[in-house]
Amino acid sequence: MATRTPAFNPTPPAVPVDVRLMHVGANLLFVLAALAGVALLVLWLVRLPVFALNAIRVEGEVTRNSVATIRANAAPKLAGNFFTNNLAVSQRAFESVPWVRKAVVRREWPSRLVVRLEEHRAAAFWGNDADGSKLVNSFGEVFEANLGDVEDDHLPTLTGPAGSSAQMLDLLRRLTPTFERMEARIDALTLSGRGSWRVELDTGAEVELGRGTPDELVAHTERFIGTLTQVTSRYQHPLEYADLRHHNGYALKLRGVATGLDAGKEQKK
């Protein structure tokens with residue numbers, strides 16, 4: 001009878017913990033070294049002269065500035081190359097150019113910036129500025145510019161507290177057609193710190209509108225314009241001053257004549 005020899009499967013000796021840690025550390029160092037090498041290679045590549053910013057293409061509105069002027073003003077404030085240029089910083093650089101309201105900047109491979117510009121459209125002068133270099137654009141925003149570049153000699157002047165330019169431009173636009181009915185143009189609109197409004201016309205007349213919502217001010221002005229001709233035609237003198245701050249009427253002064261008129265009573269006649 002044959003005897004069976006039992007199989008012998010020796011168990012490999014356990015690797016010491018310190019040896020395993022050494023292997024893990026060596027692998028980690030290898031990975032870090034590889035990553036560092038890749039990073040240095042990328043850094044070397046992005047700094048190649050081929051990626052230096054050597055062109056700027058300007059699109060959009062350039063009626064107030066020439067392309068050369070825009071580049072000359074913005075280029076010194078640009079930094080980095082195609083990869084490292086901060087687009088937000090570049091945007092602010094172009095928006096610092098006079099008459100530029102908004103700039104959108106993007107990269108164009110491999111070494112060019114493309115900027116699309118939107119210019120300010122002047123709607124009024126801003127009268128609170130001591131050196132007289134501020135305007136209000138069509139969005140009601142105050143901006144600085146060379147007033148010599150303004151082509152419209154008949155822009156009105158808005159004067160009011162800081163932050164009120166958009167509100168004032170809105171009321172100016174609503175009042176303009178109302179005063180055009182008396183063949184007058186608004187030269188200046190003023191808002192006091194207490195919220196009282198005053199209009200100066202190109203005829204030299206001044207109209208105190210007082211306080212109220214835009215709807216109330218426009219409605220009160222329309223009632224005034226509707227009855228004014230009855231007075232001016234009677235006395236044959238132009239308007240010099242009107243005070244619309246009365247509840248049921250207004251007071252006015254004609255050049256050479258002083259009088260008063262209750263608008264409510266006049267309309268009942």
Side-chain angles (χ1 to χ4, degrees), residues 31-152 155 157-170 172-173 191:
V31 171
L32 291 176
L35 291 175
V38 172
L40 289 173
L41 177 62
V42 171
L43 185 61
W44 176 76
L45 288 174
V46 301
R47 293 181 181 275
L48 290 176
V50 69
F51 298 120
L53 293 176
N54 55 29
I56 301 172
R57 188 170 79 235
V58 179
E59 301 175 344
E61 300 174 341
V62 289
T63 58
R64 296 288 183 179
N65 294 285
S66 67
V67 173
T69 301
I70 293 171
R71 288 173 178 162
N73 277 272
K77 302 174 184 178
L78 304 179
N81 61 15
F82 179 84
F83 295 102
T84 61
N85 176 261
N86 188 318
L87 293 183
V89 174
S90 297
Q91 175 183 335
R92 291 193 292 271
F94 284 102
E95 290 178 349
S96 68
V97 177
W99 289 97
V100 174
R101 176 179 180 263
K102 185 177 181 180
V104 178
V105 184
R106 61 181 176 86
R107 298 181 179 93
E108 187 175 85
W109 181 265
S111 58
R112 176 182 292 179
L113 287 182
V114 179
V115 55
R116 176 167 289 276
L117 302 180
E118 176 188 335
E119 293 185 335
H120 292 286
R121 293 184 177 90
F125 296 105
W126 184 242
N128 273 353
D129 185 37
D131 61 8
S133 63
K134 290 186 178 180
L135 295 155
V136 179
N137 67 18
S138 56
F139 294 91
E141 302 162 340
V142 177
F143 68 100
E144 293 189 20
N146 181 2
L147 300 188
D149 295 334
V150 179
E151 298 172 354
D152 188 350
L155 285 181
T157 298
L158 302 179
T159 304
S164 64
S165 56
Q167 174 192 10
M168 298 191 69
L169 180 63
D170 177 66
L172 172 71
R173 287 169 169 167
L191 174 62

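For the atom pair CZ of R112 and CG of L53, the computed distance is 11.5 Å after rounding to the nearest 0.5 Å. For the atom pair OG (S133) and CH2 (W126), the distance works out to 13.5 Å, reported to the nearest 0.5 Å. Considering CD of Q91 and CG of N86, their distance stands at 10.0 Å, rounded to 0.5 Å. Here CZ of R71 is found 10.0 Å from CZ of R57. Values are rounded to the nearest 0.5 Å.
Contacts classified as salt bridge (Lys or Arg N to Asp or Glu O under 4.0 Å) and involving residues 72-99 (residues at least two apart or in different chains) are not found. The list of salt bridge (Lys or Arg N to Asp or Glu O under 4.0 Å) pairs with a residue in residues 116-127, not counting sequence neighbours, reads E59-R116, E61-R121, R101-E118.
Here Q167 pairs with S164, L191, W197 under the side chain to side chain contact (heavy atoms under 4.5 Å, CB included) rule; sequence neighbours left out. Shown here are the side chain to side chain contact (heavy atoms under 4.5 Å, CB included) partners of S90, two or more places apart in sequence or in another chain: L78, N85, V105, L113. Every residue two or more places apart in sequence or in another chain that forms a side chain to side chain contact (heavy atoms under 4.5 Å, CB included) with A145 is listed here: W99, L135, F143. Partners of N137 according to the side chain to side chain donor-acceptor pair (under 3.5 Å) rule, which considers only residues two or more places apart in sequence or in another chain, are H120, E141.
With N65 contributing its side chain and P98 its backbone, the two residues share a donor-acceptor pair below 3.5 Å. A donor-acceptor distance shorter than 3.5 angstrom exists from the side chain of N73 to the backbone of T69, with no hydrogens or angles considered.
Across L117 and V100, no two heavy atoms sit closer than the pair CD2-CG1, 4.1 Å. Taking all atoms of both residues into account, the shortest heavy-atom contact from V115 to A103 is CG2-CB, 4.0 Å. For the residue pair V136 and F125, the shortest heavy atom distance occurs at CG2-O, 4.4 Å. Nearest approach of S138 to L169, heavy atoms of both residues: O-CD2, 3.8 Å. Scanning all heavy atoms of the two residues, the minimum distance from K134 to V142 falls at CD-CG1, 3.8 Å.
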